[in-house]
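Residue numbering restarts at 1 for every chain, and letters A, B, ... go by the order of the sequence lines. Since we're looking at a predicted model, the values are computed, not measured.
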Amino acid sequence: MIYLFDNCYLSTTNSVVETCKQVWIGSHPKIQDPMLHLTYDILHSYKEIDDEQLDELFNNIHQEYSDVKTVIYCDINNFMYVYSYFFNGVLEESAVKELYTFDMLKENYRIGTFAIRDVEFVNLPKTLTGTDTSSTFSSLLTETRIEIAFANSVRGNEDAFNFCVDRATKIYDGSPGFWERDAEQNLPALLSDEEFTIANLTNEDFIESFVSQFKVDTVIANNILPILQEKFGFDFMTHYFTVINDCADYEEFWEDLSSLNKEDFIKNYMLDPARAIKLQLVFPNLSNFDSINPIFWNQILKNKNNTLWLNEYKVKNGTYN
Amino acid sequence: MLHLYNSCYVYPDAMFDPSTDYIVVGQKHNILGVGIENSFYYNNVFVKQCFARFATYEDFIKSNLVEPVCSNKEKFIIYCDDETLIKFFTAKIKSHIFNFDESLFLELAKLFGVRLKIKSKLIDSSNKQIISNLGDKFIALTSASTVNKFPMSEYWTWENAGIEWKIVNRKCGVPNKHIDIATDLINRHVYSFFDEAQASYLSRKENGWATDPFNQQFRTVISMRDLYMEMRKELALFTDPLILQFFETGVTEELLKDPQFLLLVSNDKVDTWLLRWLLKLPQSNITQLRLIA
């Protein structure tokens with residue numbers, strides 16, 4: 001699933017998200033299935049589409065459904081057409097082709113689509129064969145994909161950096177952490193035998209004090225980690241930063257980090273390539289895959305010292321001109 | 001909600017959702033889900049048809065559907081009114097305690113009620129109030145309803161009992177399949193992180209340790225242990241030392257008694273509240289109750 005704008009995404013039919021508005025373009029084996037319209041909330045479907053209709057569609061989604069997740073499902077040819085038409089309005093041709101190689105991988109390997117239903121597994125070709133035309137709609141957008149902004153921010157573009165901070169703060173989901181949704185079943189394990197009594201469990205104050213431990217912090221689960229360490233002798237932070245992230249010197253900055261709010265954490269750690277290269281797992285691999293391509297993100301981090309290759313990711317229009 | 005056996009659950013009818021196979025028992029048996037296929041609200045799901053409708057709990061128990069429903073390996077839901085749900089809860093407890101003890105039953109009912117109340121505090125859903133009210137009803141119970149145990153044989157119950165019953169019985173040396181079940185649970189837990197593992201592997205294929213030319217799409221997992229060992233380098237599982245211990249030494253008594261194991265196995269199918277409560281009981285008490293598992 002490739003992020004386009006607002007809440008609108010482009011996708012092949014490798015997996016289909018049910019709970020969103022949908023647009024279907026091209027020929028799909030199941031498009032004639034009468035259950036399709038009963039099953040999905042389909043806004044429009046097109047057998048074929050041209051430049052004018054596509055811009056009209058983008059405008060329609062932008063105006064009517066900017067706050068509603070909307071996914072444009074395409075067959076292979078239409079995927080490449082919509083992809084190139086949209087991004088030709090944003091980036092230079094060579095950048096679109098290279099960006100496609102990352103997005104093609106993400107799409108073919110279904111990274112970021114936590115969808116319930118597989119409809120038809122397809123493989124996008126390695127090379128983009130799209131259109132030379134470009135979308136007027138996308139060329140007028142002032143916001144772009146965070147990866148593109150990040151590519152510009154590592155080259156010192158401050159506007160791009162500020163955009164990244166805002167966007168990442170919105171989409172960062174707080175992982176890694178201790179999830180509230182697991183708390184109901186985890187609670188018994190965190191109580192001692194003496195605490196795990198009917199009297200305590202039916203005492204509103206007692207429950208309130210326990211439930212409050214599960215509050216998910218904006219950055220990381222600071223509340224629950226000392227409890228885990230106390231109960232189980234398990235140091236999550238050391239484990240996380242040494243075993244998982246190979247960053248044994250985390251204590252040096254953790255002191256400051258633990259008191260940061262989410263925005264500062266993102267600004268000073270996740271988007272600082274020098275730190276993010278060590279903590280790369282914090283963001284791209286455990287967060288919002290729908291809105292980000294972790295393969296491209298890691299590529300930027302890996303090549304942060306050689307920014308020449310990022311020249312082509314300069315956005316043609318909008319904020320970064 | 002209330003887990004019966006295998007993948008069969010009991011839900012209050014106010015939480016009706018037609019996307020899962022279901023039957024309806026009790027007050028709303030003739031109206032719940034009728035004509036739902038044309039509803040705009042349910043456009044985003046494949047609407048399932050009701051398998052059967054029973055006016056009362058007793059009608060359902062007399063039918064020949066009890067065992068098939070409870071044996072379901074795909075998620076299956078029994079929707080019913082609150083009073084019927086309490087009957088299901090009671091029948092389940094009675095099915096597992098050969099020498100039924102009403103005071104223990106009332107404790108377990110309160111425990112289930114508390115669990116529901118806490119769930120209602122933690123979820124952000126329109127079902128909050130429904131779950132909370134149901135919790136109140138369980139907490140307020142003063143006697144067990146007169147329903148009998150489920151009509152399945154003791155052997156069936158023994159075979160299909162949840163892990164909480166098997167682990168507790170293990171405490172008294174009763175042989176059962178708890179090792180297989182615990183192994184399966186841990187493997188499934190590890191496998192549930194497979195999507196993240198795929199993403200991590202793929203994004204590091206070049207010049208990385210995860211180059212995998214023969215299994216590029218990571219669709220097959222030949223060894224759960226090997227998968228785990230690779231994932232361990234990348235994923236933040238706070239239960240990690242326990243899983244590592246499992247893959248190094250298998251399921252041990254030590255592992256089963258570890259409260260951290262509760263964290264590991266906690267999911268819809270394993271009632272960690274009940275397990276914790278039963279584990280607190282003295283061994284002599286468990287022997288006396290003759291738990292079936």
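In terms of modelled atom types and a separation under 3.5 Å, the side chain of B/Lys280 and the main chain of A/Phe196 share a donor-acceptor contact.
Counting heavy atoms from C-beta on, the side chains of B/Lys117 and A/Thr202 never come closer than 4.5 Å.
The heavy-atom pair separating B/Leu111 from A/Ile198 by the smallest distance is N-CD1, 4.1 Å. Of all heavy-atom pairs between B/Trp273 and A/Leu201, the closest is CZ3-CD2, 3.9 Å.
With a 6.0 Å radius and a threshold of 12 heavy atoms from other residues, nucleotides or ligands, B/Glu248 has its CD atom above the threshold.
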